[in-house]
K.L.:
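My questions will all concern the structure given below.
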Protein chains: 2
Amino acid sequence: MVKALRTRATWLVSRAQVRAYSLLKEMFGAVGVRPYHYRILAALDESGPVSQAELGRATGSDRSDISVAIEALCSSGLTARQADPADRRRNVISLTDRGRSELHRLDAVLDEAQERFLAPLTRAEQVVFLQLIARLSDDEPQED
Amino acid sequence: MVKALRTRATWLVSRAQVRAYSLLKEMFGAVGVRPYHYRILAALDESGPVSQAELGRATGSDRSDISVAIEALCSSGLTARQADPADRRRNVISLTDRGRSELHRLDAVLDEAQERFLAPLTRAEQVVFLQLIARLSDDEPQED
DNA sequence: GATTATCGTTGGTGCGACCAACAGATTGGG
DNA sequence: CCCAATCTGTTGGTCGCACCAACGATAATC
(Lines give C-alpha, C1' and ligand atoms only; values in the text may rest on other atoms or scores of the structure.)
Protein backbone atom coordinates (compact mmCIF):
# COMPACT_ATOMS: atom_id res chain seq x y z
CA MET A 1 0.00 0.00 0.00
CA VAL A 2 1.38 3.33 -1.08
CA LYS A 3 0.82 6.34 1.12
CA ALA A 4 -0.75 9.35 -0.53
CA LEU A 5 1.63 12.05 -1.57
CA ARG A 6 -0.17 14.60 0.55
CA THR A 7 0.69 12.73 3.74
CA ARG A 8 4.45 12.90 3.13
CA ALA A 9 6.41 15.39 5.16
CA THR A 10 8.80 16.24 2.35
CA TRP A 11 5.92 16.89 -0.02
CA LEU A 12 4.05 19.04 2.47
CA VAL A 13 7.17 21.06 3.19
CA SER A 14 7.69 21.55 -0.51
CA ARG A 15 4.12 22.77 -1.00
CA ALA A 16 4.37 25.05 2.02
CA GLN A 17 7.56 26.51 0.64
CA VAL A 18 5.89 27.21 -2.68
CA ARG A 19 3.11 29.00 -0.88
CA ALA A 20 5.55 30.98 1.28
CA TYR A 21 7.69 31.95 -1.64
CA SER A 22 4.83 33.07 -3.83
CA LEU A 23 3.65 35.21 -0.93
CA LEU A 24 7.10 36.77 -0.62
CA LYS A 25 7.45 37.28 -4.33
CA GLU A 26 4.08 38.96 -4.50
CA MET A 27 4.65 41.28 -1.55
CA PHE A 28 8.28 42.15 -2.27
CA GLY A 29 7.43 42.52 -5.91
CA ALA A 30 4.80 45.08 -5.00
CA VAL A 31 7.55 47.28 -3.54
CA GLY A 32 10.04 46.48 -6.30
CA VAL A 33 12.46 44.21 -4.49
CA ARG A 34 13.71 40.65 -4.87
CA PRO A 35 13.54 38.34 -1.88
CA TYR A 36 17.27 37.64 -1.90
CA HIS A 37 17.96 41.36 -1.60
CA TYR A 38 16.18 41.29 1.69
CA ARG A 39 18.06 38.18 2.72
CA ILE A 40 21.40 39.88 2.23
CA LEU A 41 20.40 43.13 3.89
CA ALA A 42 19.04 41.24 6.89
CA ALA A 43 22.15 39.10 7.18
CA LEU A 44 24.29 42.22 7.03
CA ASP A 45 22.25 43.93 9.70
CA GLU A 46 22.59 40.93 11.93
CA SER A 47 26.30 40.35 11.52
CA GLY A 48 27.63 43.82 10.87
CA PRO A 49 30.18 44.39 8.10
CA VAL A 50 31.53 41.10 6.78
CA SER A 51 33.21 39.68 3.73
CA GLN A 52 31.18 38.40 0.80
CA ALA A 53 32.22 34.82 1.48
CA GLU A 54 30.90 34.99 5.03
CA LEU A 55 27.73 36.54 3.70
CA GLY A 56 27.34 33.58 1.42
CA ARG A 57 27.69 31.15 4.26
CA ALA A 58 25.20 33.10 6.37
CA THR A 59 22.53 33.10 3.68
CA GLY A 60 23.35 29.69 2.24
CA SER A 61 24.20 31.00 -1.22
CA ASP A 62 27.14 30.57 -3.49
CA ARG A 63 29.97 33.14 -3.49
CA SER A 64 29.35 33.81 -7.15
CA ASP A 65 25.69 34.63 -6.62
CA ILE A 66 26.54 36.88 -3.70
CA SER A 67 29.03 38.65 -5.90
CA VAL A 68 26.48 39.76 -8.47
CA ALA A 69 23.85 40.55 -5.86
CA ILE A 70 26.30 42.76 -3.97
CA GLU A 71 27.17 44.51 -7.20
CA ALA A 72 23.49 45.36 -7.66
CA LEU A 73 23.00 46.43 -4.05
CA CYS A 74 26.08 48.64 -4.11
CA SER A 75 25.15 50.32 -7.34
CA SER A 76 21.73 51.14 -5.93
CA GLY A 77 23.41 52.56 -2.84
CA LEU A 78 22.08 50.13 -0.27
CA THR A 79 25.43 48.61 0.64
CA ALA A 80 29.04 49.76 0.50
CA ARG A 81 32.02 47.69 -0.50
CA GLN A 82 35.53 48.52 0.63
CA ALA A 83 38.74 46.57 0.52
CA ASP A 84 39.79 45.01 3.80
CA PRO A 85 43.19 46.51 4.70
CA ALA A 86 44.00 43.49 6.86
CA ASP A 87 43.31 41.00 4.06
CA ARG A 88 43.43 42.35 0.58
CA ARG A 89 41.51 39.43 -0.87
CA ARG A 90 38.40 40.51 0.97
CA ASN A 91 35.73 43.08 0.34
CA VAL A 92 34.11 44.27 3.51
CA ILE A 93 30.42 44.86 2.87
CA SER A 94 28.44 47.20 5.09
CA LEU A 95 24.95 48.64 5.17
CA THR A 96 24.59 52.26 4.16
CA ASP A 97 22.04 54.48 5.88
CA ARG A 98 19.78 54.09 2.89
CA GLY A 99 20.29 50.35 3.07
CA ARG A 100 19.31 50.32 6.70
CA SER A 101 16.15 52.31 6.17
CA GLU A 102 15.27 50.16 3.17
CA LEU A 103 15.75 47.11 5.34
CA HIS A 104 13.32 48.47 7.89
CA ARG A 105 10.79 49.17 5.20
CA LEU A 106 11.16 45.63 3.87
CA ASP A 107 11.01 44.23 7.35
CA ALA A 108 7.51 45.55 7.76
CA VAL A 109 6.58 43.86 4.51
CA LEU A 110 8.10 40.60 5.66
CA ASP A 111 6.25 40.83 8.96
CA GLU A 112 2.99 40.96 7.12
CA ALA A 113 4.05 38.05 4.92
CA GLN A 114 4.72 35.97 8.04
CA GLU A 115 1.27 36.87 9.32
CA ARG A 116 -0.37 35.73 6.15
CA PHE A 117 1.71 32.59 5.87
CA LEU A 118 1.02 31.50 9.43
CA ALA A 119 -2.61 32.61 9.42
CA PRO A 120 -4.03 29.06 9.19
CA LEU A 121 -2.61 28.35 12.65
CA THR A 122 -3.55 29.74 16.03
CA ARG A 123 -0.94 31.78 17.90
CA ALA A 124 -0.12 28.86 20.13
CA GLU A 125 0.27 26.54 17.16
CA GLN A 126 2.49 29.06 15.43
CA VAL A 127 4.90 28.97 18.37
CA VAL A 128 5.02 25.18 18.29
CA PHE A 129 5.47 25.13 14.54
CA LEU A 130 8.37 27.57 14.63
CA GLN A 131 10.15 25.47 17.18
CA LEU A 132 9.73 22.25 15.21
CA ILE A 133 10.54 23.62 11.76
CA ALA A 134 13.66 25.24 13.16
CA ARG A 135 14.97 21.85 14.14
CA LEU A 136 14.03 20.33 10.79
CA SER A 137 15.78 23.09 8.87
CA ASP A 138 19.04 22.61 10.69
CA ASP A 139 21.50 21.28 8.16
CA GLU A 140 23.94 19.88 10.66
CA PRO A 141 21.86 18.54 13.50
CA GLN A 142 23.78 18.83 16.74
CA GLU A 143 24.84 15.54 18.25
CA ASP A 144 25.31 16.13 21.96
CA MET B 1 14.80 46.33 15.44
CA VAL B 2 15.04 43.74 12.70
CA LYS B 3 14.33 40.12 13.53
CA ALA B 4 17.02 37.65 12.60
CA LEU B 5 16.42 35.78 9.38
CA ARG B 6 16.62 32.45 11.18
CA THR B 7 13.51 33.24 13.23
CA ARG B 8 11.31 33.81 10.19
CA ALA B 9 8.86 31.07 9.34
CA THR B 10 9.22 31.53 5.60
CA TRP B 11 13.00 31.32 5.85
CA LEU B 12 12.90 28.21 8.01
CA VAL B 13 10.47 26.52 5.66
CA SER B 14 12.72 27.35 2.77
CA ARG B 15 15.76 25.87 4.50
CA ALA B 16 13.82 22.78 5.51
CA GLN B 17 12.71 22.32 1.93
CA VAL B 18 16.29 22.53 0.73
CA ARG B 19 17.25 19.87 3.21
CA ALA B 20 14.31 17.68 2.27
CA TYR B 21 14.93 18.02 -1.43
CA SER B 22 18.63 17.29 -1.24
CA LEU B 23 17.76 14.18 0.75
CA LEU B 24 15.31 13.08 -1.93
CA LYS B 25 17.68 13.88 -4.74
CA GLU B 26 20.41 11.88 -3.07
CA MET B 27 18.28 8.84 -2.33
CA PHE B 28 16.32 8.75 -5.56
CA GLY B 29 19.50 9.49 -7.46
CA ALA B 30 21.08 6.41 -5.88
CA VAL B 31 18.40 4.27 -7.56
CA GLY B 32 18.45 6.25 -10.79
CA VAL B 33 15.17 8.13 -10.56
CA ARG B 34 14.08 11.75 -10.49
CA PRO B 35 11.82 12.92 -7.67
CA TYR B 36 9.11 14.11 -10.05
CA HIS B 37 8.87 10.62 -11.55
CA TYR B 38 7.85 9.38 -8.17
CA ARG B 39 5.42 12.23 -7.77
CA ILE B 40 3.60 11.29 -10.95
CA LEU B 41 3.56 7.56 -10.26
CA ALA B 42 2.22 8.18 -6.76
CA ALA B 43 -0.46 10.55 -8.02
CA LEU B 44 -1.49 7.98 -10.61
CA ASP B 45 -1.68 5.24 -8.04
CA GLU B 46 -3.85 7.38 -5.86
CA SER B 47 -6.28 8.61 -8.48
CA GLY B 48 -6.33 5.77 -10.95
CA PRO B 49 -6.17 6.49 -14.69
CA VAL B 50 -6.61 10.20 -15.39
CA SER B 51 -5.87 12.72 -18.08
CA GLN B 52 -2.54 14.54 -18.14
CA ALA B 53 -4.18 17.83 -17.27
CA GLU B 54 -5.70 16.37 -14.13
CA LEU B 55 -2.35 14.87 -13.29
CA GLY B 56 -0.84 18.31 -13.54
CA ARG B 57 -3.38 19.75 -11.17
CA ALA B 58 -2.85 16.91 -8.71
CA THR B 59 0.90 17.37 -8.59
CA GLY B 60 0.91 21.13 -8.99
CA SER B 61 2.88 21.12 -12.21
CA ASP B 62 2.36 22.65 -15.60
CA ARG B 63 0.66 20.64 -18.36
CA SER B 64 3.72 21.06 -20.52
CA ASP B 65 6.06 19.60 -17.92
CA ILE B 66 3.70 16.70 -17.35
CA SER B 67 3.68 16.10 -21.06
CA VAL B 68 7.41 15.51 -21.34
CA ALA B 69 7.54 13.55 -18.08
CA ILE B 70 4.78 11.25 -19.27
CA GLU B 71 6.62 10.76 -22.54
CA ALA B 72 9.66 9.58 -20.57
CA LEU B 73 7.62 7.37 -18.25
CA CYS B 74 5.76 5.76 -21.13
CA SER B 75 8.88 5.09 -23.13
CA SER B 76 10.42 3.36 -20.14
CA GLY B 77 7.28 1.31 -19.76
CA LEU B 78 6.11 2.57 -16.38
CA THR B 79 2.92 4.18 -17.61
CA ALA B 80 0.61 3.69 -20.56
CA ARG B 81 -1.08 6.37 -22.59
CA GLN B 82 -4.27 5.76 -24.52
CA ALA B 83 -6.77 8.06 -26.18
CA ASP B 84 -9.95 8.68 -24.25
CA PRO B 85 -12.85 7.49 -26.48
CA ALA B 86 -15.25 9.81 -24.66
CA ASP B 87 -13.12 12.90 -25.21
CA ARG B 88 -10.65 12.71 -28.01
CA ARG B 89 -8.58 15.60 -26.70
CA ARG B 90 -7.52 13.56 -23.72
CA ASN B 91 -4.89 10.94 -23.10
CA VAL B 92 -5.79 8.62 -20.30
CA ILE B 93 -2.65 7.74 -18.38
CA SER B 94 -2.47 4.58 -16.34
CA LEU B 95 0.13 2.68 -14.36
CA THR B 96 1.55 -0.45 -15.94
CA ASP B 97 2.44 -3.44 -13.81
CA ARG B 98 6.07 -2.47 -14.07
CA GLY B 99 5.14 1.06 -13.07
CA ARG B 100 3.31 -0.22 -10.04
CA SER B 101 6.17 -2.37 -8.86
CA GLU B 102 8.61 0.45 -9.51
CA LEU B 103 6.38 2.70 -7.43
CA HIS B 104 6.54 0.24 -4.55
CA ARG B 105 10.29 0.11 -4.78
CA LEU B 106 10.49 3.90 -4.73
CA ASP B 107 7.99 4.07 -1.93
CA ALA B 108 10.39 2.21 0.31
CA VAL B 109 13.08 4.69 -0.60
CA LEU B 110 10.78 7.59 0.18
CA ASP B 111 9.84 6.05 3.49
CA GLU B 112 13.44 6.06 4.51
CA ALA B 113 13.82 9.64 3.33
CA GLN B 114 10.92 10.65 5.56
CA GLU B 115 12.61 8.92 8.45
CA ARG B 116 15.81 10.79 7.92
CA PHE B 117 14.10 14.11 7.34
CA LEU B 118 11.99 13.85 10.48
CA ALA B 119 14.73 12.32 12.60
CA PRO B 120 15.40 15.50 14.60
CA LEU B 121 11.90 15.20 16.08
CA THR B 122 10.44 12.66 18.46
CA ARG B 123 7.58 10.50 17.19
CA ALA B 124 5.05 12.61 19.02
CA GLU B 125 6.51 15.80 17.62
CA GLN B 126 6.46 14.33 14.12
CA VAL B 127 2.72 13.79 14.40
CA VAL B 128 2.17 17.37 15.52
CA PHE B 129 4.41 18.71 12.81
CA LEU B 130 2.62 16.82 10.07
CA GLN B 131 -0.69 18.18 11.20
CA LEU B 132 0.53 21.77 11.28
CA ILE B 133 2.50 21.76 8.04
CA ALA B 134 -0.46 20.22 6.25
CA ARG B 135 -2.55 23.24 7.11
CA LEU B 136 0.24 25.63 6.08
CA SER B 137 0.69 23.94 2.73
CA ASP B 138 -2.95 24.24 1.81
CA ASP B 139 -3.17 26.65 -1.07
CA GLU B 140 -6.83 27.42 -0.66
CA PRO B 141 -7.51 27.44 3.05
CA GLN B 142 -11.06 26.31 3.67
CA GLU B 143 -13.39 28.99 4.96
CA ASP B 144 -16.27 27.24 6.63
C1' DG C 1 59.99 29.33 0.10
C1' DA C 2 56.74 26.13 -1.90
C1' DT C 3 52.38 24.18 -1.41
C1' DT C 4 47.77 24.74 -0.02
C1' DA C 5 43.72 27.34 0.93
C1' DT C 6 40.74 31.39 0.53
C1' DC C 7 38.59 35.47 -1.81
C1' DG C 8 36.05 37.75 -5.45
C1' DT C 9 34.83 37.43 -10.16
C1' DT C 10 33.27 35.64 -14.67
C1' DG C 11 31.05 32.36 -17.29
C1' DG C 12 28.66 28.29 -17.95
C1' DT C 13 25.19 24.38 -16.77
C1' DG C 14 21.21 22.06 -15.02
C1' DC C 15 16.78 21.99 -13.32
C1' DG C 16 12.32 23.26 -12.22
C1' DA C 17 8.64 26.61 -12.87
C1' DC C 18 6.27 29.29 -15.94
C1' DC C 19 4.38 31.28 -20.24
C1' DA C 20 3.01 31.56 -25.30
C1' DA C 21 1.26 29.66 -29.08
C1' DC C 22 -0.75 26.13 -31.74
C1' DA C 23 -4.11 22.54 -33.66
C1' DG C 24 -7.63 19.52 -32.48
C1' DA C 25 -11.66 18.73 -29.74
C1' DT C 26 -15.51 19.98 -26.74
C1' DT C 27 -18.86 22.96 -24.58
C1' DG C 28 -22.10 26.67 -24.00
C1' DG C 29 -24.95 30.67 -25.33
C1' DG C 30 -27.38 33.04 -28.65
C1' DC D 1 -27.41 25.26 -35.64
C1' DC D 2 -23.32 28.09 -35.22
C1' DC D 3 -19.99 30.83 -33.35
C1' DA D 4 -17.29 31.91 -29.45
C1' DA D 5 -15.11 30.38 -25.50
C1' DT D 6 -12.83 26.76 -23.21
C1' DC D 7 -9.99 22.69 -22.63
C1' DT D 8 -6.24 19.28 -24.05
C1' DG D 9 -1.70 17.91 -25.32
C1' DT D 10 2.45 19.45 -27.37
C1' DT D 11 6.52 22.25 -28.69
C1' DG D 12 9.56 25.70 -27.68
C1' DG D 13 11.17 29.34 -25.20
C1' DT D 14 12.36 32.22 -20.95
C1' DC D 15 13.47 33.11 -16.16
C1' DG D 16 15.25 32.50 -11.60
C1' DC D 17 18.01 30.14 -8.72
C1' DA D 18 21.50 26.79 -7.31
C1' DC D 19 25.69 24.89 -8.44
C1' DC D 20 30.26 24.17 -10.49
C1' DA D 21 34.79 25.37 -12.89
C1' DA D 22 38.31 28.21 -13.52
C1' DC D 23 41.12 32.17 -12.88
C1' DG D 24 44.31 35.77 -10.76
C1' DA D 25 45.30 37.65 -6.52
C1' DT D 26 46.30 37.10 -1.83
C1' DA D 27 47.06 34.59 2.84
C1' DA D 28 48.15 30.90 5.60
C1' DT D 29 50.69 26.67 6.53
C1' DC D 30 54.35 23.69 6.62
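None of the values given here were measured: they were computed from a predicted structure. In what follows, chains are A, B, ... by sequence order, proteins preceding strands, each numbered from 1.
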K.L.:
Tell me, please, which residues at least two apart from S14(B) pass side-chain contact (heavy atoms from CB on, under 4.5 Å).
P.N.:
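If we apply the side-chain contact (heavy atoms from CB on, under 4.5 Å) test to S14(B), skipping adjacent residues, the hits are Q17(A).
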K.L.:
With sequence neighbours left out, write down each residue that passes side-chain contact (heavy atoms from CB on, under 4.5 Å) with Q126(B), or none if nothing qualifies.
P.N.:
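Partners of Q126(B) under the side-chain contact (heavy atoms from CB on, under 4.5 Å) test: L118(B), L121(B), R123(B).
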K.L.:
Under the ring-ring contact (aromatic ring centres under 6.0 Å, His included) rule, collect the residues that match up with F117(A), sequence neighbours excluded.
P.N.:
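Partners of F117(A) under the ring-ring contact (aromatic ring centres under 6.0 Å, His included) test: none.
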K.L.:
Please compare A86(A) and S61(A) by the position of their nearest nucleotide in DNA chain D and report the one closer to 5'.
P.N.:
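The residue mapped nearer the 5' terminus is S61(A).
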K.L.:
Less than 4.0 angstrom between a side-chain N/O of Y21(B) and OP1 or OP2 of dG16(C), yes or no?
P.N.:
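So the side chain of Y21(B) is within the cut-off, an N or O lying under 4.0 Å from OP1 or OP2 of dG16(C).
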K.L.:
Compute the angle between the rotation axes at the two ends of the helix from dG1(C)-dC30(D) to dG30(C)-dC1(D), each taken over five pairs, rounded to 10 degrees.
P.N.:
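For the helix from dG1(C)-dC30(D) to dG30(C)-dC1(D), the axes at either end differ by 30°.
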K.L.:
Would you say E26(A) has more than 12 foreign heavy atoms packed within less than 6.0 Å of its CD?
P.N.:
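Count over threshold, so yes.
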K.L.:
I'd like to check the side-chain contact (heavy atoms from CB on, under 4.5 Å) partners of K25(A); sequence neighbours left out, ordered by chain and number.
P.N.:
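Here the qualifying residues are Y21(A).
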K.L.:
Using the rule that two of Ile, Leu, Val, Met, Phe, Trp, Tyr join whenever any of their side-chain heavy atoms come within less than 4.5 Å, decide whether L44(B) and V68(B) are in one cluster.
P.N.:
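They do not share one cluster, since no chain of ILVMFWY contacts under 4.5 Å joins L44(B) to V68(B).
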K.L.:
Run the side-chain contact (heavy atoms from CB on, under 4.5 Å) test against T96(A) and tell me which residues pass, sequence neighbours left out.
P.N.:
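Expected list: A80(A), R98(A).
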K.L.:
Check R8(A) with D111(B), please: is the shortest side-chain N to carboxylate O separation under 4.0 Å?
P.N.:
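So D111(B) pairs with R8(A) through a salt bridge.
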K.L.:
Detail all sub-3.5 Å separations between protein N/O atoms and N/O atoms belonging to nucleotides 8-12 of chain C.
P.N.:
unit_1 : atom_1 : unit_2 : atom_2 : d
dG8(C) : OP1    : Q52(A) : N      : 3.1
dG8(C) : OP1    : N91(A) : N      : 3.0
dG8(C) : OP1    : N91(A) : O      : 3.3
dG8(C) : OP2    : A53(A) : N      : 2.6
dG8(C) : O3'    : N91(A) : ND2    : 3.2
dT9(C) : OP1    : R81(A) : NH1    : 3.1
dT9(C) : OP1    : N91(A) : ND2    : 3.4
dT9(C) : OP2    : Q52(A) : OE1    : 3.0
dT9(C) : OP2    : Q52(A) : NE2    : 2.8
dT9(C) : OP2    : S67(A) : OG     : 2.9
dT9(C) : O5'    : S67(A) : OG     : 3.4

K.L.:
Please list, by residue number, the residues of residues 24-49 of chain B whose heavy atoms come closer than 4.0 Å to an atom of DNA chain C; answer none if no residue qualifies.
P.N.:
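Of all residues in residues 24-49 of chain B, the ones placing a heavy atom under 4.0 Å from DNA chain C are R34(B), Y36(B).
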K.L.:
For D62(B), which residues count as a side chain to side chain donor-acceptor pair (under 3.5 Å) partner, sequence neighbours excluded?
P.N.:
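For D62(B) the side chain to side chain donor-acceptor pair (under 3.5 Å) partners, ignoring immediate neighbours, are S64(B).
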K.L.:
Taking distance alone, no hydrogens or angles, what donor-acceptor pairs closer than 3.5 Å link side-chain atoms of residues 31-43 of chain A to residues at least two apart or in another chain?
P.N.:
unit_1 : atom_1 : unit_2  : atom_2 : d
Y38(A) : OH     : D107(A) : OD1    : 2.6

K.L.:
Salt bridge check: are D87(A) and R90(A) linked by an N-O gap of less than 4.0 Å?
P.N.:
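Answer for the salt bridge query: yes.
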K.L.:
Are L95(A) and V2(B) linked, directly or through intermediate hydrophobic residues, by side-chain heavy-atom contacts shorter than 4.5 Å (ILVMFWY only)?
P.N.:
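Linked, V2(B) and L95(A) end up in one cluster.
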K.L.:
Could you tell me the boundaries of the chain B footprint on DNA chain D, defined by atoms under 4.0 Å from its heavy atoms?
P.N.:
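Reading along DNA chain D, I get dC7(D) to dG12(D).
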K.L.:
What side chain to side chain donor-acceptor pair (under 3.5 Å) pairs are there with at least one residue in residues 40-51 of chain A, not counting sequence neighbours?
P.N.:
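Of all non-adjacent pairs touching residues 40-51 of chain A, those that pass side chain to side chain donor-acceptor pair (under 3.5 Å) are E46(A)-R6(B), S51(A)-E54(A).
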